[in-house]
Amino acid sequence: MDSHNRDPQKRPLFSSRLSIITVAAGSAIGLGNIWKFPYITGKNGGAAFIIVYLCCIALIGLPVLISDFIIGRRGGGSVVSSFRALAGERSPWLFGGFIALFGSATVLSFYGVVAGWSLEYVVKAASNAFSGKTPAEVGTMFNDFVTSPVAPIVCQLVFMSITAGVVYAGVKKGIEAFSKVMMPVLVGIIVLLCFRSITLPGAEGGLAFLFKPDFSKLSAAGVLDALGHAFFTLSLGVGTMITYGSYIDKDEHLAATAVQICIADTVIALLAGIAIFPAVFAFGVAPGQGPGLVFVTLPNIFAQMPGGYVFCILFFLLLAVAALTSSISMLEVSVAYASEDLGISRQRATLVLATLISLVGVVCSLSMGKYQEQLTFFGKNVFDLADFAVSNVEMPIGGAISVLFVGWMLKRRKAEDELTCHGNITVPFVGAFVFTAKYLAPVAIAIVFLHSLGLI
Ligand code: PHE
């Protein structure tokens with residue numbers, strides 16, 4: 001039952017440790033880091049929130065990520081067949097695989113919409129559309145754009161086509177090759193932006209906001225935001241890291257790889273903060289603007305700063321590139337399932353799934369505009385509903401299943417066997433990891449989950 005059913009002849013593997021880290025960090029680093037992290041940090045008062053967030057990444061996110069990798073590599077297949085290989089044909093644990101399939105498709109449907117906005121904003125920035133506009137005018141511009149029935153959909157479809165093109169080309173020639181080119185571009189752009197931001201007069205206020213904690217600003221809701229975001233930013237609970245785990249060579253040190261991915265993801269989120277908040281403070285804008293921070297506040301600030309024209313283009317390019325290396329990982333989950341478990345060719349699976357997911361995305365986009373009334377259910381439009389269903393419901397459940405599976409079903413001996421590459425390397429903290437997987441992480445996840453449903 002507990003098979004290592006990989007056949008190196010048939011199954012692609014990432015070429016090296018660096019490739020694994022680049023590709024998995026590419027999945028982790030996305031809109032979550034550059035769009036969401038800054039605005040929830042702004043909303044929750046800055047440094048104190050960041051400290052809590054770092055604890056959530058280390059204590060909960062990391063164990064879930066390691067568990068996903070263990071399931072993927074030991075199971076050696078798609079998210080469903082990995083669970084099947086480890087738990088048996090009719091095991092209830094297979095639910096973990098199917099719910100992850102649902103989650104990865106749903107997250108991509110609305111993620112593609114926001115990513116499409118970033119493409120449009122590259123064009124807007126290049127055509128100098130923000131210069132001389134008041135904040136209110138840039139706000140109206142954003143609102144008019146996202147509620148329009150055509151423009152955001154065209155952008156979303158362009159974005160989804162690029163995503164599908166990369167996945168279509170395969171794990172090594174598509175996903176790995178693309179990430180290896182794009183991730184250095186991303187790092188280069190973000191470092192440039194940080195440099196611009198911290199050299200503005202008045203930047204100190206932003207740095208203090210990010211790094212000088214004031215715990216009186218932290219609320220219980222902030223703590224829960226931090227844990228919820230740790231899941232989203234590390235691509236947990238939707239099968240992505242299980243699928244990528246199945247492409248990791250059996251001699252790789254899984255725990256060290258996971259730690260490096262967490263560090264890379266966190267560093268980029270902090271750099272995004274450093275690129276944004278000093279500029280926000282230098283221009284005397286309030287940091288707690290919410291989701292519009294990146295699409296409304298920033299273009300305005302860029303329009304007023306020296307060199308802002310170029311930096312604005314670079315910023316939205318950064319957003320688009322980061323989103324792409326994440327969206328390919330979302331699509332890969334269901335493409336791997338369809339091609340390995342259902343026997344559909346990879347190419348056909350990519351085309352069919354990308355089309356279906358894009359159609360749901362079109363509905364998400366329309367639900368913010370003209371058809372809002374028809375497309376609102378339980379008091380939320382389809383876009384918000386999809387976001388809520390994944391971020392607040394599916395991800396915590398999927399993440400909890402991974403840790404519970406490794407902690408209780410696989411048990412310590414097999415987890416240790418996988419972590420130590422069958423005893424070939426020594427890994428500290430295995431006991432702490434198993435304890436966290438069994439008790440700490442599931443309890444913490446349950447608390448966030450019940451709270452986000454308004455039950456506690
Ligand atoms: N981690 C990505 C981000 O921060 C989002 C993501 C979620 C990617 C789930 C894959 C799976 O933007």
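Model, not experiment: these values are computed from the prediction. The figures here come from the full heavy-atom set of this structure, side chains too, leaving out hydrogens, waters and symmetry mates. One-based numbering, in listed order, for ligands and for the atoms of each. Residue numbers start at 1 and run along the sequence shown.
- Between L236 and ligand 1, no pair of N/O atoms sits closer than 3.5 Å.
- With sequence neighbours excluded, the residues satisfying ring pair (Phe, Tyr, Trp, His ring centres under 6.0 Å) with F142 are W117, F295.
- The shortest N or O to N or O distance between I29 and ligand 1 is not under 3.5 Å.
- The S27 neighbourhood of ligand 1 comprises atoms 1 (N), 2 (C), 8 (C), 10 (C), with distances under 4.0 Å to a heavy atom of that residue.
- Every atom of ligand 1 with a heavy atom of T240 under 4.0 Å away is listed here by number and element: 10 (C), 11 (C).
- Close N/O approach between T233 and ligand 1 is found [any backbone or side-chain N/O within under 3.5 Å].
- S16 and S19 are linked by a side-chain donor-acceptor pair at a separation below 3.5 angstrom, with hydrogens and angles left out of the test.
- For the residue pair T106/E394, the side-chain donor-acceptor check at 3.5 Å is not satisfied.
- At a heavy-atom cutoff of 4.0 Å, ligand 1 is contacted by the side chain of M395 but not by its backbone.
- For ligand 1, the polar-atom distance check finds no N/O of M330 at less than 3.5 Å from any of the ligand's N/O atoms.
- Remark: the S27 side chain and the T240 side chain contain no N/O donor-acceptor pair separated by less than 3.5 Å.
- Contact annotation: for A28 versus ligand 1, heavy atoms closer than 4.0 Å belong to the backbone alone.
- A cation-pi contact, defined as under 6.0 Å to the ring centre and within 45° of the axis, links K380 to F388.
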